Asks: 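Below is the structure I would like to discuss, written out as structure tokens.
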Amino acid sequence: MNVEEILTQSVKSVIAQLYGQEVDEKLVQLQNTKKEFEGDLTLVVFPFLKISKKKPEETASEIGDALTKASPIVEKFNVIKGFLNLTIAKNVWVDTFNTILNDKEFGLKKATEDSPLYMVEYSSPNTNKPLHLGHIRNNLLGYSLCRILEANGYKVIKTNIVNDRGIHICKSMLAWQKFGNGETPSSTGKKGDHLVGDYYVKFDKAYKEEIKELMEKGVSEEDAKKQAPIMQEAQAMLKKWEDGDAEVRKLWEEMNGWVYEGFDETYKRLGVAFDKIYYESTTYIDGKNKVNEGLEKGLFYRREDGSVWADLTQNGLDEKLLLRADGTSVYMTQDIGTATQRFNEFDINKMIYVVGNEQNYHFQVLSILLDRLGFSWGKDLVHFSYGMVELPEGKMKSREGTVVDADDLMDEMIQTAKEVSAELGKIDEMTDEEANEIARICGLGALKYFILKVDPRKNMLFNPKESIDFNGNTGPFIQYTHARIRSVLRKAAEQGIQWGEQADTSIQLSETESNLIQYLSSFPNVVKQAGQEYSPALIANYVYELVKQYNSFYHDFSILKESDEAIRGFRLLLSQKIAEVIKSGMGLLGIDVPERM
RNA sequence: GGUCGGGUAGCUCAGCUGGAUAGAGCAACAGCCUUCUAAGCUGUGGGUCAAGGGUUCGAAUCCCUUCUCGAUCACCA
């Protein structure tokens, strides 16, 4: 039990004793005492006024009196209005700290055989263009969420569904056939996903020209879009693909292969990974079968033209198309198919889809459909819905070229990190290799933290002209504190200082130190809450606050120069543990921390 | 128009399961490096928490209305 839990029990029994009534735990509101008041924890007494039938101040004093007598951990108290500020005995904080020290996996739970299995789908790229900043947000959120769920003791399968078929893929393929002259990633030295993306853009350019020409001949815009020869060719190609045309399939496999190589590189650099990858080109068939199965069971209905629909009016929604009149699948069919494959392969307890908020409606429908089809986790599937990344000019649009490319952005961040290091004179004594590695860690740290610290629901703004900061509430700030602590610990070891594994319980802690322990002790709760709310931002904010408090301590107190050995030992242990928590906290965000920088 | 999500300092964001005088960072200004890493620390200024009403001892937080921004409501994926 931590201090807060012990205190909650004490408060309950004291109130029962004073006023002869059991109170619900929820009414015992303990919060950290605000800086401007004396004390560690504050009990809000307003909820007890009905029972005590006395004024707030009086009630608070009574409870405070009784608590100091009843609980050995409460040293003293003061009352301000309805707030009872409790000062916890300093030795309690040392004990708390020693307990934390003993816990090698502090705040992180391990999965057991019986742990629920969570499957998290994220990334979900199309194979016709490279990844951009929007995907970065998706990947970072998805990966971090997996880490957080693992830290909460769940079994987690990280999964990706690749949208590897469809008209958009045919557009790139066709443009490559027409204008490519046999270019390949190895012949051009270009990353495969970028090469394919270039042809997607070329298709669009050619398509627009054709539309323009047709319109000049007097064709309406709507008709021109349909009649444009290149579009008709793309559609013909899609038909061939569906029919299994050997030549088209071969080209498709080759070009997708290029893209996968490119994606793998980007994923690796971003530091994300998957346990299982699904491909739409195989799942859509299962989707069709599943829909037909549902049709036979009378869950869906067929219209006169042959198309298959789900009636969702009883759920307050519309009707939804599941199969076209020609029998081909739509987006929803594919997601049903993917779910089928997953369901057959894994014993899933919870399915989480990390997908942008533009698809809220889609997942609302998917949940109902999966539930109807008998997927146990369908009803409670989680759509981890996040907002768009916007540029100052507005939304990013691939076809208009207003996208921030993932690879470019990472390059820039790492480059900037290197420049910052150089300016600060940090890399003078480093090998090139080490300097590059630190630039990589810090550049990516800045990017990841920038994205993960904000509430996923919100749209966020990214201004490419103002580069992401390296000072203040940023990744490098946190990384720096870690590096600094590690440096102190290295110095201590060099000087032959031994600091043991436990803090001496006889030492007198300062307010700053006990506050640090108090804040440190809340890490497991933050991890738990982040898991319940699916919120990497909570972790980011916690680590930032911890680091800020530590920096202030670091500035005001000597560690190595402290003459009292017991206190010096404690400060070294405290620093060490905080470095560990920084590392595991940042680890939950998928951010590395360097030993020096 | 229906549904969903936003609106907090000049800018980017915390806080939202109701609690004390609404917090950080950036930007601006003023200090702190012969002492453990100054990517740091300390301070100053900056707010009608979109507006109005309600519930409550207490509202940025909950409820209602309005304004506003965005997403979505495809035989695109």
Side-chain angles (χ1 to χ4, degrees), chain A residues 26 29 31 33-34 36-37 42 44-47 49-50 55-56 80-83 85 124 126 128 163 165-169 280 303 305 307-309 316-318 320-326 328-332 334-335 356-362 364 385 387-388 390 394-395 417 420-421 423-426 442 446 450 453-455 457-463 466 468-481 483-492 495 529 533 537-538 540-541 544-545 547-548 551-562 571-572 575 596-597:
Chain A
K26 280 185 198 132
Q29 295 175 43
Q31 50 189 250
T33 305
K34 297 218 164 196
E36 50 272 39
F37 303 108
T42 295
V44 184
V45 302
F46 290 104
L49 298 184
K50 273 185 192 152
K55 286 179 183 162
I80 293 166
K81 292 194 270 182
F83 299 91
N85 300 323
S124 321
N126 290 339
N128 64 332
N163 302 305
R165 52 159 232 129
I167 190 76
H168 51 289
I169 315 284
E280 203 180 273
R303 285 192 184 167
D305 65 358
S307 56
V308 178
W309 294 74
L317 301 173
D318 227 330
K320 190 79 189 173
L321 177 80
L322 299 178
L323 285 176
R324 295 190 188 98
D326 63 4
T328 57
S329 64
V330 293
Y331 184 29
M332 192 59 77
Q334 289 146 20
D335 262 347
N357 61 11
E358 59 206 351
Q359 289 180 32
N360 286 354
Y361 180 70
H362 174 79
Q364 206 182 338
S385 163
M388 301 289 104
E390 287 168 349
K395 228 187 138 180
V420 172
S421 292
E423 269 169 40
L424 293 167
K426 303 268 184 182
C442 294
F450 175 80
K453 74 172 178 182
V454 323
D455 182 346
R457 276 176 309 173
K458 291 190 178 178
N459 287 357
M460 62 180 293
L461 185 80
F462 175 79
N463 188 346
E466 300 168 13
I468 294 174
D469 242 300
F470 285 74
N471 299 317
N473 187 357
T474 67
F477 168 83
I478 294 164
Q479 291 170 322
Y480 177 74
T481 304
R484 195 154 68 166
I485 293 173
R486 298 303 302 167
S487 167
V488 172
L489 296 174
R490 276 195 303 273
K491 285 248 159 68
Q495 293 173 21
Q529 207 186 345
E533 295 177 20
L538 281 178
N541 291 328
Y544 174 62
E545 182 58 33
V547 161
K548 246 169 50 110
N551 279 339
S552 192
F553 159 79
Y554 178 88
H555 184 262
D556 295 341
F557 292 79
S558 296
I559 300 171
L560 299 178
K561 292 210 176 63
E562 171 58 45
R571 288 182 187 161
L572 282 163
S575 301
R596 63 185 88 225
M597 66 186 269

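Not measured: the values here are computed from a predicted model. Order of the sequence lines fixes the chain letters, A, B, ..., with proteins taken first and strands second; residue numbering starts at 1 for each chain.
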Asks: Ion pair present between A:Asp305 and A:Arg303, side-chain N to carboxylate O less than 4.0 angstrom?
Replies: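 A:Arg303 and A:Asp305: not salt-bridged.
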Asks: Just call it for A:Phe557: base, sugar-phosphate, or nothing, with non-hydrogen atoms closer than 4.0 Å on any strand.
Replies: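 Here A:Phe557 touches the bases of the nucleic acid.
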Asks: Hunt down the Watson-Crick or G-U wobble partner of B:U72, both distances under 3.5 Å, from any strand shown, or write none.
Replies: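 Its partner is B:G2.
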Asks: Which value, in whole Å, describes the distance between the C1' atoms of nucleotides B:C33 and B:G40?
Replies: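 Nearest-Å result for B:C33 against B:G40 at atom C1': 10 Å.
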Asks: Within the structure, does a side-chain N or O atom of A:Ser552 lie under 4.0 Å from either OP1 or OP2 of B:U42?
Replies: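 So the side-chain polar atoms of A:Ser552 do come within 4.0 Å of the phosphate oxygens OP1 or OP2 of B:U42, strictly under.
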Asks: Between B:G46 and B:G23, how many Å separate the two C1' atoms, rounded to a whole number?
Replies: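 One C1' to the other, the span is 13 Å.
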Asks: Please report the distance separating the P of B:U56 from the corresponding atom of B:G45, rounded so that it comes out in whole Å.
Replies: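 Here B:U56 and B:G45 have their P atoms 38 Å from each other.
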Asks: Go ahead and name the base partner of B:A60; Watson-Crick or wobble counts if both distances stay under 3.5 Å, otherwise write none.
Replies: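 In the structure as shown, B:A60 has no Watson-Crick or wobble partner.
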Asks: Would you indicate, yes or no, if B:A39 has its OP1 or OP2 atom less than 4.0 angstrom from a side-chain nitrogen or oxygen of A:Lys426?
Replies: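 Looking at the OP1 and OP2 atoms of B:A39, one of them is under 4.0 Å from a side-chain N or O of A:Lys426.
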Asks: Which whole number of Å gives the distance between the P atom of B:C73 and that of B:C16?
Replies: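 Rounded to whole Å, the distance is 32 Å.
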Asks: Does B:U34 have a Watson-Crick or wobble mate here (both distances under 3.5 Å), and if so which one?
Replies: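 In the structure as shown, B:U34 has no Watson-Crick or wobble partner.
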Asks: Paired with B:C26 by Watson-Crick or G-U wobble geometry, both distances under 3.5 Å: which nucleotide is it?
Replies: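 Checking every strand shown, B:C26 finds its partner in B:G10, with both distances under 3.5 Å.
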Asks: Work out how far the P atom of B:C11 is from that of B:G47, and round it to whole angstrom.
Replies: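 Pairwise P distance, B:C11 against B:G47, rounds to 13 Å.
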Asks: What is the distance from OH of A:Tyr480 to P of B:U37, rounded to the nearest Å?
Replies: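 In whole Å, B:U37 P and A:Tyr480 OH are 8 Å from each other.
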